[in-house]
Amino acid sequence: MSQRRQYPFHLIEPKWQAAWDAAQTFRAWNPGEALPAEHPFAQRHGLAGKTPGAAELPPKFYILDMFPYPSGAGLHVGHPEGYTATDILARYRRARGFNVLHPMGWDSFGLPAEQYAVKTGQHPRKTTETNITTFKRQIKALGFSYDWSRELATTDPEYFRWTQWIFLQIYSSWFNPETNRAEPISTLKYPPELENVGQASRLSQTSSEGKGDGDRRDACPTDLEERRRAYRDSLRLAYVSEAPVNWCPELGTVLANEEVIDGKSEVGDFPVIRRPMRQWMLRITAFAEKLLNDLDTIDWSDSLKEMQRNWIGRSEGAEVDFQIAECGMRNAECDQRIRVFTTRPDTLFGATYMVLSPEHKLVDKIATPEQRKAVEDYKAFAATKSDLERTELAKEKTGVFTGAYAINPVNSERIPIWIADYVLISYGTGAIMAVPAHDTRDFEFATKFNLPIVQVVQPPDPKTDWRGFVDDGTSVNSTGPEISITGLSTPEAKQKITAWLESKGLGKKTINYKLRDWLFSRQRYWGEPFPIVWKDGHHQALPESALPVLPPPLDDYKPTADGQPPLARAKDWVNLPDGSTRETNTMPQWAGSCWYYLRYLDAKNGRRFVNSSTEKYWMGGYAAPFPKGQVWCKEMRELFEYAYARGARKRRRLAFAYVGASQAEQIKSATGLETCGMFHTIDSYAINHVRKRHSDEYLETKRGQIPVSAEDYLLLPEVVTAPDRIEHLGKTHQGLDVIGFAKQINGTLLVVEEVHAGRNLLAVVTLYKRKMPAASGVAIGTCSFTSETLRRTAINYNHELPPHKPELSAPAFDSPEFRDSQTRGMSPTPGIDLYVGGTEHAVLHLLYARFWHKVLYDLGHVSTPEPFFKLVNQGLILGEDGQKMSKSRGNVINPDDILKDYGADAFRLYEMFMGPLEMVKPWNTKGVEGVYRFLGRVWRLFVDEASETEFEQNCAAQPERAAEFLAQIKLSPAIKDVAATPAQLKTLHACIKKVTEDLDGLRFNTAISAMMVFANEALPWETKPVAMLREFMILLQPFAPHLAEELWSKLSGVFSAESKAQSRKPNVGPADAPATLDLGPWTLDLAYQPWPPFNPAFLVEDTIEIPVQVNGKLRDVIRVAANASQAEIETAALKAEKAQQFLAGKTVKKIIVVPKKLVNVVVV
RNA sequence: GCCGGUGUGGCGAAAUGGCAGACGCACGGGACUUAAAAUCCCGGGACCGUAAAACGUCGUGUGGGUUCGAGUCCCACCACCGGCACCA
């Protein structure tokens, strides 16, 4: 585009960016920091010159963007999508009176810089710094309100000093299953055989352990001490393993399982092979249960939570031991057992053979001489297959018989033992019992190799073929000499058989996870070195005083010829004077991004990774002022409306909520109510269960529809055996009946609510309480989340909030933290209030960071168990052709080009206007022009045309002085200090309402369209009341901050008290009546001006239009008084002109009047 | 195969169970201009009508259902996108 600019954004944008930088406008203040008197934040909150603590500061709002890797390619239009969204919210929250933390930094370790170094010899730091400079320049050009004083980079030694420190915390800890948390390794108790100690070794133990392993003095070299060390090291959260790893020869490094996609490296798509290597591992599996359960306490999208759940992959089942009956070993050695894991112990009677993974350690021992050759061949065959081949060629099952047999413990049947590669060594025990009748894979295998298939489960529908039936049913053919489960339902059968196995010592109930421990070392140069040294074959932690461990300078960044990591080249660095040697692996890129959000809180702290009171302020939520149960009580009454409304919007009718046991008890005793909790998720499990339970006849009578009733819930397996309680809980505000069913099961409570209107079932709300960790942060965060959303929902739905007992809820919103009325109803949350980023981090970064955070939480270093309370995934932006943007397709949009043509404000606006944040949407540069034109209209709403023409002529004549001339542009003479007309007030307040609600709901696109409507309506006004435009600027400011600042400064130049005092009064006519400006003073920065309050009174009209329907079809529109009675509306509707032909000759059966909405006449 | 998400004009999209298509793009017509750009005004779901309208019928992936009324709720499908996948 080459036409004239809509407005001089090229002058305005740099001007304000420089001004914000100079004034540090967006600095966020920590508790205990002295606030400069002139800073607008201090002025807004009456803290000028003070040094407020956490209690005096306004409520915090921590809004975070995902950590960018500064690549050489520069910014991409996808980056600013999330950044713009967070920036708009940061600015909005600032206006609402929050202390907003909105930081940015660099995840700057990374492979590209290292590969460039390998090729050219240029130090990766150099490349990294150049890239950061580019990224920062591009990001700053967009006018984001980041607090740049907190900028950080993972490659900065002052940053990775603390990354290494956290590693040492992990290294020096173990997971105590009794307390269910990470603890210092010093709390580890040795087993009895290591406990019988002499004086010397006891001393040795206390002296080395008491200092958290920081002490490198030589241990007493007794055998006992050696064994103790081995024991300790085997339980650390960071440990060394010799297991096979994913080695990528091309990249010269190992990769974590998650970094390998279809047998190729995620980065570069290079082949990956398995190879045994000594590696550092982090024991993330110890946290699997917590990582899974705590998903219920945070506000993430269902799909993201589901991805994490799938990744963790919890499955409940039993381990069962099978005795080997005959094998290739001598009889004495044959007395071995094979342990299998199964989720279906109820199918044990159908186990007709066993399968070991080819890598299973018993394979060689049990293979009979006749089969040995075949087994060896098959093992070789399986070993040559890469992971890729194993999955892609999965169509055909392969395997060989070992010649050995095992005994099925339930019926003493002799069953053959096979090996096959469809059984993975890495999952469960590496061995299975095969039940071909009820497992798809076993069925295929058995069919191919002609193994017997025995039915043990009867499908509920007799027409269903039992062969390959894998769902729940009824056990059949399941009676042995000692145990029978025939006739039992699948859940009952599982329970009974497992109990029997346990009693006989043949097996036990077990939980398995797909999640593996985290492979934490990489053979790279450009990463954090481990703060670890090796001596006499043992690893030791370096003391904190040795941090940061810097990578040594190198001439060559390649791995060594013998396959050692690049760091091994630095002999002087590796070999220490005391004879110990340094660890030469480095940490993976994920390490730095696991905790960066904590460093932002206190980025310059040289003594600690983050000051703990600072951490509490930004991450802690407001645990103290909220007596737990009381707040929950207050939410109680509102929960139904919320769940119902949200369920309706999400096209769902079921909702689950979870709540901690202690809270529930408090609430119950305080109110007598049973239900409380956080709206959680829809559970398809319940729906499926209900479907399965019903017979065909029943389903038929419902003509394909299955009303999921509360009664159905009572038949969930968890509930079956409990006594029930059914009661009428009351009515909704609409007068609909709410019926509750409550069940007490083993200390947990299931509550179901149903809502009926006549015979229609409108909704089922299920509040399903189960045991939850009773961490205070969880409860409070859950509460505030519920509260805010409820409040909004109630407003949206025009519901009156149900009254609640003030003595129960008073602390919540009248505490000092909420003294600013602007922040009322928007309470802070524990952890990060909002985290925005792409889905690509769904499992890696988010799972790792949660893990580190939980370790730090258990060790008492941070105050919440979860780091990211609310997380939103932005949708991908596609190219203009609807394809993914990529260099090869040539459809990549460079933000720099857009900025040059349309400016940052238009770019920001377009990024948000494209559609909902979470959606995938194609870029369309033409669309930028639409929002750009809108900004032009806003500009013309304010400025005097003649002076702008003059400005342009001057610029053309002397382009170098353009910035100076900007001041010559005058305010439009139509802007006056007069009272607004009712119509104008209506226009403005409709806009305030929509923008406010949409920002709370992250609906940026519709907020922008509301502002467009305002501009379109305001443009023709002959007189523009300054108060209108002023408030509109505050609304626009989060979206288009540069333009808003410029116009604001022009407004204040003319209308501020000081200007008036100087009686310049240019272009201002006599004021009819001064408009009341009840907002902040002109002297306060626009960025800190209070958000305009919405006044519904201005939207009220005397008469309203009401559509008239006849039999549900629109026939006419009538105009009636806004307060017209039902009867009046009915009368008017029957008289409606255009409706007459549809009413003539018919009998009016019924008239439905929806107040202020519509009238529908039913005729026959 | 399993899990999650999404289907509405030529396009991006909007609609607490209550006037489908707000807002914007593209397009068409007009005003201004020597002209173009910019700007401003008007018009655009389909069909049937008509000089043009009005009126009418149909219309939110498909087929059913609930309801006075369904894009929205329920059931069964279909398509596309994303994730996981011999996980026992």
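Keep in mind that what you see is a predicted model, and the values were worked out from it rather than measured. Order of the sequence lines fixes the chain letters, A, B, ..., with proteins taken first and strands second; residue numbering starts at 1 for each chain.
- Under 4.0 angstrom from either OP1 or OP2 of rA26(B) there lies at least one side-chain N or O belonging to Arg933(A).
- Lys1113(A) has no side-chain polar atom (N or O) that falls below the 4.0 Å cut-off from OP1 or OP2 of rC55(B).
- Rounded to whole Å, the C1' atom of rG28(B) lies 8 Å from the corresponding atom of rG44(B).
- The listed nucleotides are rC68(B), rC3(B), rA88(B); the one nearest the side chain of Asp439(A) is rA88(B).
- Arg937(A) has a side-chain polar atom (N or O) that falls below the 4.0 Å cut-off from OP1 or OP2 of rG24(B).
- A 4.5 Å side-chain heavy-atom check between Trp300(A) and Leu846(A) finds at least one atom pair inside the cut-off.
- Across the C1' atoms, rC75(B) and rC68(B) are found 23 Å apart, a figure rounded to whole Å.
- The base of rU6(B) lies outside donor-acceptor range of the side chain of Lys921(A), with no N or O pair under 3.5 Å.
- Shown here, rG61(B) is classed anti by the O4'-C1'-N9-C4 or O4'-C1'-N1-C2 angle, which is more than 90° from 0.
- If you check every strand for non-hydrogen atoms under 4.0 Å, Lys926(A) touches sugar and phosphate atoms only.
- The side chain of Thr1006(A) lies closest to rA15(B) when the candidates are rA15(B), rC87(B), rC68(B).
- Of the candidates rA14(B), rC23(B), rU39(B), the closest approach to any side-chain atom of Ser1009(A) belongs to rC23(B).
- Comparing the same atom, P, in rC2(B) and in rC19(B) gives a spacing of 38 Å after rounding to whole Å.
- Among the atoms of the strands shown, only primed sugar atoms or phosphate atoms (P, OP1, OP2) are found under 4.0 Å from some heavy atom of Gln6(A).
- Closest contact between the side chain of Ser315(A) and the listed nucleotides rA14(B), rC19(B), rA88(B) involves rA88(B).
- Among the atoms of the strands shown, only primed sugar atoms or phosphate atoms (P, OP1, OP2) are found under 4.0 Å from some heavy atom of Ser303(A).
- Residue contacts shown for Val1154(A) include a base, since a base heavy atom lies under 4.0 Å away.
- rA70(B) and rG64(B): their P atoms are spaced 14 Å apart (whole Å).
- Comparing rG24(B), rC86(B), rC3(B) by their nearest atom to the side chain of Asp421(A) picks out rC86(B).
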Open item on the list: Evaluate Thr1006(A) against Asp998(A) for side-chain hydrogen bond (donor to acceptor under 3.5 Å, both in side chains), listing each step before the verdict.
Closed with: CA-CA 7 Å; Thr1006(A) 49; Asp998(A) 285 352; 2.7 Å; yes
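- Residue Asn310(A) places no side-chain atom within donor-acceptor reach of the base of rC84(B), judged by atom type and a 3.5 Å distance cut-off alone.
- Of the candidates rC86(B), rG12(B), rC87(B), rC87(B) carries the atom nearest the Lys514(A) side chain, counting heavy atoms from C-beta on.
- If you take atom C1' in rU8(B) and the same atom in rA79(B), they sit 15 Å apart, rounded to whole Å.
- Using atom C1' as the reference point in both rA52(B) and rG61(B), the two lie 36 Å apart (nearest Å).
- Here Arg5(A) does not reach the OP1 or OP2 of rA38(B): none of its side-chain N or O atoms lies under 4.0 Å away.
- Taking the side chain of Met914(A) as heavy atoms from C-beta on, and the options rA13(B), rG12(B), rU16(B), the nearest nucleotide is rG12(B).
- Each of rG12(B), rC23(B), rA88(B) was ranked by its minimum atom distance to the side chain of Arg441(A); first place goes to rA88(B).
- Backbone-only contact: Met919(A) has heavy atoms under 4.0 Å from sugar-phosphate atoms and none from a base.
- To the nearest whole angstrom, the two C1' atoms, one in rG63(B) and one in rC48(B), are 27 Å apart.
- Close to rC84(B), at under 4.0 Å from its OP1 or OP2, lies no side-chain N or O of Gln308(A).
- Listed pair Arg1115(A) / rC19(B) fails the phosphate criterion, with no side-chain N or O lying under 4.0 Å from OP1 or OP2.
- Using a 4.0 Å heavy-atom cutoff across all strands shown, Asn1016(A) reaches sugar-phosphate atoms only and no base atom.
- Among the atoms of the strands shown, none is found under 4.0 Å from any heavy atom of Thr429(A).
- Rounded to a whole angstrom, the distance from the P atom of rC47(B) to that of rC11(B) is 15 Å.
- In this structure, Asn1160(A) reaches the bases: a heavy-atom distance under 4.0 Å links it to at least one base atom across the strands shown.
- As judged by a 4.0 angstrom heavy-atom cut-off over every strand, Asn1005(A) is placed among residues touching the sugar-phosphate backbone only.
- Residue Gln1109(A) is in base contact, counting any heavy-atom pair closer than 4.0 Å across all strands shown.
- Between Arg339(A) and the options Thr510(A), Thr429(A), Asp321(A), a side chain to side chain donor-acceptor pair (under 3.5 Å) holds for only Asp321(A).
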